[in-house]
Novice: 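I have a structure I would like to understand better, so I am pasting it below and will then ask my questions one at a time.
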Amino acid sequence: MTDKTMTPEDVVRRLRSGMTVGIGGWGSRRKPMALVRALLRSPVTDLTVISYGGPDVGLLAAAGRIRTLIAPFATLDSIPLEPHFRAARQAGAFELMEIDEAMFMWGLHAAANRLPFLPVRAGIGSDVMRVNPGLRTVTSPYEDGETFVAMPALRMDAALVHLNRADRLGNGQYLGPDPYFDDLFCEAADSAYLSCERIVDGFKGAPAQSLLVKRYAVTGVVESPHGAHFTSCAPDYGRDEPFQKLYASTPWAEFAERFLSGPDEKSYQCAVQSWHEERT
Amino acid sequence: MTTNAVRVTRAEYCVIACAEAWRDNGEVLASPMGLIPSVGARLARRTFSPDLLLTDGEAMLVGPDGEPEGWLPYRHHLTMVTGGRRHVMMGASQIDRFGNQNISCIGAWDRPARQLLGVRGAPVNTLNNPVSYWVPKHSTRVFVPKVDMICGVGYDSAAAAGPSATRFHRIPRVVSDLGVFDFATPDHAMRLVSLHPGVTLEEVRGATGFELAGCEEAAYTREPTTEELRLIREVLDPDGLREREVAR
């Protein structure tokens with residue numbers, strides 16, 4: 001069997017500027033932050049990012065890597081407004097395809113099912129139609145004759161997700177209460193990269209329902225403890241609230257210099273650790 | 001049965017007004033956004049709407065004691081939305097006379113003066129399940145003649161979009177720190193239903209950027225019962241966080 005383990009650097013070497021990249025998780029929850037940080041250390045830019053947005057969007061926006069964002073929101077959850085996303089939007093720094101949460105989900109389902117679109121009762125009547133003039137409607141061919149938005153497939157070149165456990169083949173297990181949409185992200189992408197807290201030799205005794213991501217939909221596996229930091233990765237760890245507050249209140253250049261200028265993920269984790277030690 | 005001994009605070013009237021939104025809703029998910037709606041939903045569940053479903057704010061359905069009774073991750077939550085078995089009380093950065101709501105941005109969408117959350121689930125919510133709104137600080141900045149970005153669909157916008165939009169569209173009520181409002185007028189324009197005790201008609205009119213219907217016949221928001229007040233103060237919000245959301 002194929003061993004798919006790789007480093008964050010191996011992952012971003014496979015990404016190219018101009019690609020469409022989906023990022024799993026939700027808000028400031030279980031984001032593949034180690035992979036996003038690797039992306040920030042690479043020259044890859046001009047991305048179309050598809051995300052239920054959190055600090056992944058904020059970081060990439062602040063670093064000027066986003067050409068187009070497809071999202072229903074960007075939030076840090078305990079801090080409702082993502083400051084770097086806000087700043088970039090207010091500066092007109094990228095294009096936005098602003099769609100509803102359910103439209104987004106149906107876009108993922110369409111892509112995973114190789115359909116050009118799926119009908120959804122959402123969008124019509126709202127300004128989502130005004131700000132996305134490319135959206136089309138479809139009329140039911142049955143007796144009801146209802147009109148729906150034809151939500152286009154959100155097909156991706158690559159998806160990045162973070163789960164609690166994975167094996168070397170690319171099977172992924174989540175241990176928290178919510179799968180979010182990570183399996184759909186993987187199935188909606190031409191290649192998918194799964195980072196995890198720990199690589200395991202197998203899932204003996206695991207509840208079957210926790211085995212969320214299947215290896216056929218995964219290209220590479222990265223073991224990256226604390227790889228979702230500073231977002232939550234329940235039950236392994238909660239959100240690092242003090243650090244998130246720091247992220248949200250520190251000028252971008254200063255934050256990037258202190259935490260993101262090192263050569264690898266380890267240097268980030270060390271910088272975070274020393275910051276915490278200084279506080280106590 | 002009213003409580004005369006202890007003064008009922010504005011925040012507590014707001015809790016009662018929010019709780020009333022879920023009266024007679026049956027076995028649907030009460031989705032409150034914000035602290036006071038959350039206390040209101042749990043109050044309704046413990047008193048006059050015992051069949052309501054509640055979440056822990058994450059992926060679990062929980063009983064009144066917080067014990068899990070079901071699993072509701074985001075994707076299933078969205079199914080409850082489209083299936084209609086839910087009544088959400090959302091926030092509103094802006095809301096207009098016909099119930100159009102904005103939480104996305106202030107100013108031109110192309111380059112907003114202030115970027116807010118984004119449309120979130122407001123478009124799908126409003127077309128599929130009843131959507132009420134909670135505004136903790138009633139002002140002309142929130143109650144505007146026209147919202148900058150329609151996220152939650154109002155009655156006029158739904159009508160213009162056609163039968164697929166109106167089929168399940170309903171905005172039962174808007175609760176603010178000043179009063180309770182609905183759209184039970186011939187043209188579905190916002191109507192004042194009740195003032196919270198202590199609020200004057202002039203105050204509401206002055207804080208609203210459009211003409212309100214119902215000002216002549218408006219009542220006062222009802223008093224909490226002794227038991228409701230006990231639940232709010234001792235069980236649901238013993239730390240008095242509600243007084244921080246609405247201070248008066």
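Letters A, B, ... mirror the listed sequences (proteins, then strands); counts begin at 1.
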Novice: Between Asp100(A) (side chain) and Val124(B) (backbone), is there a donor-acceptor pair under 3.5 Å?
Specialist: yes
Novice: Given that the side chain runs from C-beta out, which part of Ser104(B) has a heavy atom under 4.5 Å from chain A: side chain, backbone, both or neither?
Specialist: both
Novice: Between Pro177(A), Ala71(A), Gly145(A), Gly176(A), which residue shows the highest count of heavy-atom pairs closer than 4.5 Å to chain B?
Specialist: Pro177(A)
Novice: What do you reckon, is CD of Glu69(B) surrounded by more than 12 foreign heavy atoms closer than 6.0 Å?
Specialist: yes
Novice: Let's test your reading of the structure: which of Leu184(A), Asp144(A), Thr137(A), Val128(A) forms the most heavy-atom pairs below 4.5 Å with chain B?
Specialist: Val128(A)
Novice: Give the minimum heavy-atom separation between Ser157(B) and Gly125(A), together with the two atoms involved.
Specialist: CB-O, 3.3 Å
Novice: Which atoms of Ala160(B) are under 4.5 Å from chain A, going by heavy atoms: the side chain, the backbone, both sets, or neither?
Specialist: neither
Novice: Compare all side-chain heavy atoms of Val131(A) with those of Met149(B) and state whether any distance is below 4.5 angstrom.
Specialist: yes
Novice: By a 4.5 Å heavy-atom criterion (distance strictly below it), what part of Leu78(B) contacts chain A: side chain, backbone, both, or neither?
Specialist: side chain
Novice: What part of Ala74(A) lies closer than 4.5 angstrom to a heavy atom of chain B: side chain, backbone, both or neither?
Specialist: backbone
Novice: Verify the neighbour count for atom NZ of Lys214(A): are there more than 12 heavy atoms of other residues, nucleotides or ligands below 6.0 Å?
Specialist: yes
Novice: Where on Asp156(B) is there a heavy atom nearer than 4.5 Å to chain A: the side chain, the backbone, both, or neither?
Specialist: neither
Novice: Less than 4.5 Å to any heavy atom of chain B: does that hold for the side chain of Thr147(A), its backbone, both, or neither?
Specialist: both
Novice: Just by modelled atom types, is the Ala93(A) backbone N or O under 3.5 Å from a matching donor or acceptor in the Arg111(B) side chain?
Specialist: no
Novice: Between Gly118(B), Cys105(B), Gly121(B), which residue shows the highest count of heavy-atom pairs closer than 4.5 Å to chain A?
Specialist: Gly121(B)
Novice: Please give me the minimum heavy-atom distance between Pro179(A) and Trp71(B), naming the atom from each residue.
Specialist: CD-CZ2, 3.8 Å
Novice: Identify the two heavy atoms, one from Pro123(B) and one from Gly123(A), that lie closest to each other, and give their separation to 0.1 Å.
Specialist: CB-N, 3.9 Å
Novice: Check each atom of Asp148(B) against the heavy atoms of chain A and say whether the ones under 4.5 Å are side chain, backbone, both or neither.
Specialist: backbone
Novice: From Glu98(A) CD over to Cys151(B) SG, what is the distance, rounded to the nearest 0.5 angstrom?
Specialist: 6.5 Å
Novice: Please classify the contact between Leu96(A) and chain B as side chain, backbone, both or neither, with a heavy-atom cut-off of under 4.5 Å.
Specialist: both
Novice: What verdict does the salt bridge (charged side-chain N to carboxylate O under 4.0 Å, His left out) test give for Arg75(B) and Asp183(A), after you've listed the backbone C-alpha separation in whole Å, the side-chain angles of each residue and the deciding distance to 0.1 Å?
Specialist: CA-CA 12 Å; Arg75(B) 60 180 77 180; Asp183(A) 49 335; 2.6 Å; yes
Novice: Do you know which two heavy atoms are closest between Arg89(A) and Trp109(B), and how far apart they sit?
Specialist: NH2-O, 2.8 Å
Novice: Heavy-atom cut-off 4.5 Å, strictly under: side chain, backbone, both or neither for Ala159(B) against chain A?
Specialist: neither
Novice: When you measure from the side chain of Arg86(A) to the backbone of Gln115(B), do you find a donor-acceptor pair of N or O atoms at a distance under 3.5 Å?
Specialist: yes
Novice: Would a distance-only check, ignoring hydrogens and angles, find a side-chain to backbone donor-acceptor pair under 3.5 Å from Asn128(B) to Arg121(A)?
Specialist: yes
Novice: For residues Leu81(A) and Arg114(B), determine if any side-chain heavy atom of one lies less than 4.5 Å from a side-chain heavy atom of the other.
Specialist: no
Novice: Can you confirm whether Arg130(A) is buried at CZ, in the sense that more than 12 heavy atoms of other residues, nucleotides or ligands lie under 6.0 Å from that atom?
Specialist: yes
Novice: Heavy-atom pairs under 4.5 Å with chain A: which of Val119(B), Val153(B), Thr79(B), Thr166(B) has the most?
Specialist: Val119(B)
Novice: Which value, rounded to the nearest 0.5 Å, describes the distance between Phe85(A) atom CZ and Leu117(B) atom CG?
Specialist: 9.0 Å
Novice: When rounded to the nearest 0.5 angstrom, what is the spacing between CZ in Arg120(B) and OH in Tyr52(A)?
Specialist: 10.0 Å
Novice: Apply side-chain contact (heavy atoms from CB on, under 4.5 Å) to residues Tyr74(B) and Arg29(A) and explain how you reach the verdict.
Specialist: CA-CA 12 Å; Tyr74(B) 284 112; Arg29(A) 300 159 196 232; 3.3 Å; yes
Novice: Sort out for me which of Asn102(B), Asn100(B), Thr82(B), Ile150(B) touches chain A most, counting heavy-atom pairs under 4.5 Å.
Specialist: Ile150(B)
